[in-house]
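Only one structure is covered here, and it is reproduced in the block below.
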Amino acid sequence: MKLSDENFSDLVQALKQAGTAVVITHEFPDGDAAGSIAGCCHLLKSAFPSLEVSVYCKTPVPENYDYLQIEKLPHADLSLRYDVVLVLDCGNPGRTGEKSLPDTGLSVNIDHHADNSMFGDLNYVYPQSSSTSEILAVLGRRLLGITLPDRISEALFTGILTDTGGFRFSSTTSFTHEIAAMLYQSSGVDFGSLIEKVYFEEPFAKQKLLARILTSMEQSCGICFSHISSADWEETGATSKMVEGLVNQMVGIQGIIVAVLFQELPGIVKVSFRSKGKVDCQVLAGRFGGGGHSQAAGAKIQGLLKDIEPQVLKFVRETVK
Ligand SMILES: [Mn+2]
């Protein structure tokens, strides 16, 4: 199915009749998840003023995206029933971190992951899209025209910017730039300072954490790997909200094909995979029950860092060979 403004007719029809809607994204949100829920929430409020819209994300949004002011949006209670449930940037409902979606008359799945399980009553799944935010911008154009309100443009641009790694990943198309150009028409947004906030303004503790990652870093056979241990969290004062983007420092190294970052968390190890394109990260993460895209993916694995790190690296080495 080609992504066009017309694709959203059924959804627009349903939203016109709905009284309540909730917008949900995946736990451990990235820029696309954060931008998608903020952008979608503002979009629905602008297009359907009488619709009650709330948002939900199980874990905190990284500090880089504080300017989206997600904490000021109405937050949902998932034990309630909603006329429409929109699930954004999730390949399957489990990515929300919840056992089930709230009770609803209509579930809507808006996503760009190739392994999406088509779990919604309505499914808008476009793996050729750079980001869920890019898909939502087309919905925005359908509902409000090409000049979107600033707060919608700011949020959706954040998702496109970050999910393309700053318009670098192969998922970036001429259509991505067309949509970005459309968002630039929102004259009140300072896109330069937005990029500055996302990529160049870091908390002190995050830079200390980066120093730990770079110190523990090793490489072999084109694989660069490192970890964040319990002691690293404690001694730097960094939180898991601050890890966003750090693995990119490793994949950027000359001669590296794939980077792997392990985070030791209570009872689990979170593993992030990044690739320059030759190795499919979705295959690597998928082996351990995770998911993502070909150049960026992740998995949460139960167990201890000392056991999981060698297991994962063994599989990565076999895959790279
Ligand atoms: Mn995404």
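A quick note: this is a predicted structure, and the numbers were derived from the prediction, not measured. Order of appearance sets the numbers: ligands from 1, and atoms from 1 within every ligand. Below, all heavy atoms of this structure are taken into account, side chains as well, without hydrogens, waters or symmetry copies.
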Main-chain N/O of His113 paired to Asn116 side chain as donor or acceptor, under 3.5 Å: no
Closest non-hydrogen atom pair between Ser272 and Gln263, with its separation: OG-NE2, 4.2 Å
Connected-component partners of Phe28 among ILVMFWY, side-chain separation under 4.5 Å: none
Return all side-chain donor-acceptor pairs below 3.5 angstrom for residues 66-75, not counting sequence neighbours, or 'none' if the list is empty.
| residue | atom | partner | partner atom | Å |
| --- | --- | --- | --- | --- |
| Tyr67 | OH | Thr158 | OG1 | 2.7 |
| His75 | ND1 | Leu73 | O | 2.7 |

Salt bridge (charged side-chain N to carboxylate O under 4.0 Å, His left out) contacts touching residues 78-91 (sequence neighbours left out): Arg81-Asp83, Arg81-Asp103
Closer than 2.8 Å to the Mn ion (ligand 1) - protein N, O or S atoms, ordered by chain and residue number: Asp32 OD2, Asp89 OD1, His112 NE2, Asp163 OD2
Polar contact flag, side-chain donor to acceptor under 3.5 angstrom, Asp150-Ser153: no
